[in-house]
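Quick notes on the structure that follows.
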Amino acid sequence: MTTSSQPVSGSQPWLHQKGEVIQEFGTVKQFPVGLSYEARMYSCQRLNKVLADTQILFGLYKKHHWLMRGATFYQLHLVLDKHAGEQLEIVDTIAERVQSLGGVAVGDPRHVAEITSIPRPPDGVEEVPVMLSRLLEAHETILIEAHEAASRAAELGDDGTNDLLVSQVIRTGELQAWFLAEHLVDTPLVRA
């Protein structure tokens with residue numbers, strides 16, 4: 001094997017490239033999708049808010065999946081991982097919708113942290129009911145936002161955004177919230 005200080009032409013990657021931002025966050029470019037600028041701008045703004053919160057919810061699900069404790073460890077460990085996977089699919093779908101409307105999807109975790117309204121949990125381990133309650137509160141935050149955004153998107157004629165929010169964000173969120181809430185029910189002891 002020989003080494004050379006000269007790059008091999010045609011196969012050497014162009015490393016350390018720098019460039020200009022070609023579309024600013026918070027803007028929408030014109031796409032031939034049959035929607036007004038106002039509708040596309042509104043939907044991108046609201047979808048990015050739901051996207052940021054959903055990315056945080058995904059992270060909370062993974063954190064709590066890893067940190068689960070107690071007698072129901074195995075069952076909750078599995079359900080939290082399943083829910084995390086479903087939320088990750090929603091993240092991708094929302095981001096692609098923003099892009100298809102001509103917007104810029106929020107993706108950098110530091111930017112997500114600036115946009116989200118879901119409170120940051122402590123770095124350590126909380127009690128199981130607290131972790132589940134934290135997930136439920138995050139779901140409710142997203143569901144409130146999604147209901148409002150879906151309604152307004154429908155008024156603006158953006159059926160695609162309305163459909164995504166209703167059929168994926170809201171329906172999945174409601175189902176997941178139900179599964180979590182039932183783990184917080186105080187069940188009476190059965191006496192023989």
Side-chain angles (χ1 to χ4, degrees), residues 17-66 80-123 131 134-177 180:
Q17 295 187 48
K18 305 286 187 249
E20 300 293 319
V21 172
I22 59 173
Q23 183 180 353
E24 294 290 335
F25 181 81
T27 65
V28 292
K29 59 186 173 183
Q30 185 60 48
F31 270 171
V33 293
L35 292 170
S36 70
Y37 171 83
E38 176 191 10
R40 292 180 307 106
M41 180 60 100
Y42 175 82
S43 290
C44 286
Q45 289 170 345
R46 294 302 289 266
L47 285 168
N48 267 320
K49 177 71 172 79
V50 173
L51 178 56
D53 289 342
T54 303
Q55 289 180 69
I56 296 298
L57 178 59
F58 164 75
L60 286 175
Y61 265 117
K62 289 307 285 188
K63 177 183 180 181
H64 297 334
H65 157 78
W66 297 321
L80 297 183
D81 200 37
K82 177 183 180 289
H83 286 189
E86 293 167 353
Q87 289 299 320
L88 188 56
E89 287 180 24
I90 291 171
V91 164
D92 195 51
T93 302
I94 295 170
E96 288 174 351
R97 179 68 186 165
V98 171
Q99 295 301 128
S100 73
L101 293 171
V104 178
V106 60
D108 186 286
R110 295 161 294 195
H111 192 189
V112 167
E114 293 170 5
I115 294 173
T116 189
S117 53
I118 295 175
R120 181 178 174 172
D123 291 335
M131 288 190 279
R134 187 175 298 285
L135 289 166
L136 283 169
E137 290 166 10
H139 271 295
E140 188 169 36
T141 297
I142 292 167
L143 288 167
I144 290 168
E145 180 77 21
H147 280 291
E148 292 172 1
S151 177
R152 181 71 178 128
E155 290 172 9
L156 292 169
D158 186 353
D159 298 325
T161 296
N162 172 274
D163 178 60
L164 183 157
L165 290 168
V166 172
S167 67
Q168 294 184 45
V169 175
I170 293 171
R171 288 196 181 133
T172 301
E174 288 174 346
L175 187 64
Q176 289 182 349
L180 294 176

Using a strict 4.0 Å threshold on nitrogen-to-oxygen distance, state whether Arg152 and Asp158 make a salt bridge. no
Please check if the side chain of Asn162 supplies one atom and the backbone of Ala153 the other of a donor-acceptor pair under 3.5 Å. no
When you compare the side chain of Leu51 with that of Gln55, does any pair of heavy atoms fall below 4.5 Å? yes
Does the side chain of Lys63 reach to within under 4.5 Å of the side chain of Pro121, using non-hydrogen atoms? yes
Ignoring hydrogens and geometry, is there a side-chain-to-backbone donor-acceptor pair from Arg40 to Lys29 under 3.5 Å? yes
Look at the side chain of Asn48 and the backbone N and O of Val106, then say whether any donor-acceptor pair between them is shorter than 3.5 Å. yes
So does Gln23 get a backbone contact from the side chain of Thr27, meaning a donor-acceptor N/O pair under 3.5 Å? no
Donor-acceptor contact below 3.5 Å, side chain Asp81 vs main chain His65: no
Do the side chains of Glu89 and Gln168 get nearer than 4.5 Å, heavy atoms only? no
Go through it in stages, so that I can follow the logic: the residues are Leu165 and Ile94, the test is side-chain contact (heavy atoms from CB on, under 4.5 Å), and I'd like the CA-CA distance, side-chain angles, deciding distance and then a yes or no. CA-CA 9 Å; Leu165 290 168; Ile94 295 170; 5.6 Å; no
With a 4.5 Å limit on heavy-atom distance, are the side chains of Cys44 and Lys49 in contact? no
Do the non-hydrogen side-chain atoms of Leu47 and Leu101 ever get within less than 4.5 Å of each other? yes
Could you check Arg46, Gln45, Glu38 and say which one makes a side chain to side chain donor-acceptor pair (under 3.5 Å) with Tyr42? Arg46
Is there a side-chain contact between His111 and Ile115, using heavy atoms and a 4.5 Å cut-off? yes
If I take atom CG from residue Leu60 and atom CD from residue Gln87, how far apart are they, to the nearest 0.5 angstrom? 10.5 Å
Donor-acceptor pair, Ser151 side chain versus His147 backbone, under 3.5 Å? no
Would you indicate whether the side-chain heavy atoms of Ile90 and Leu164 approach each other to under 4.5 Å? no
Over 12 foreign heavy atoms within 6.0 Å of CD, Gln17: yes
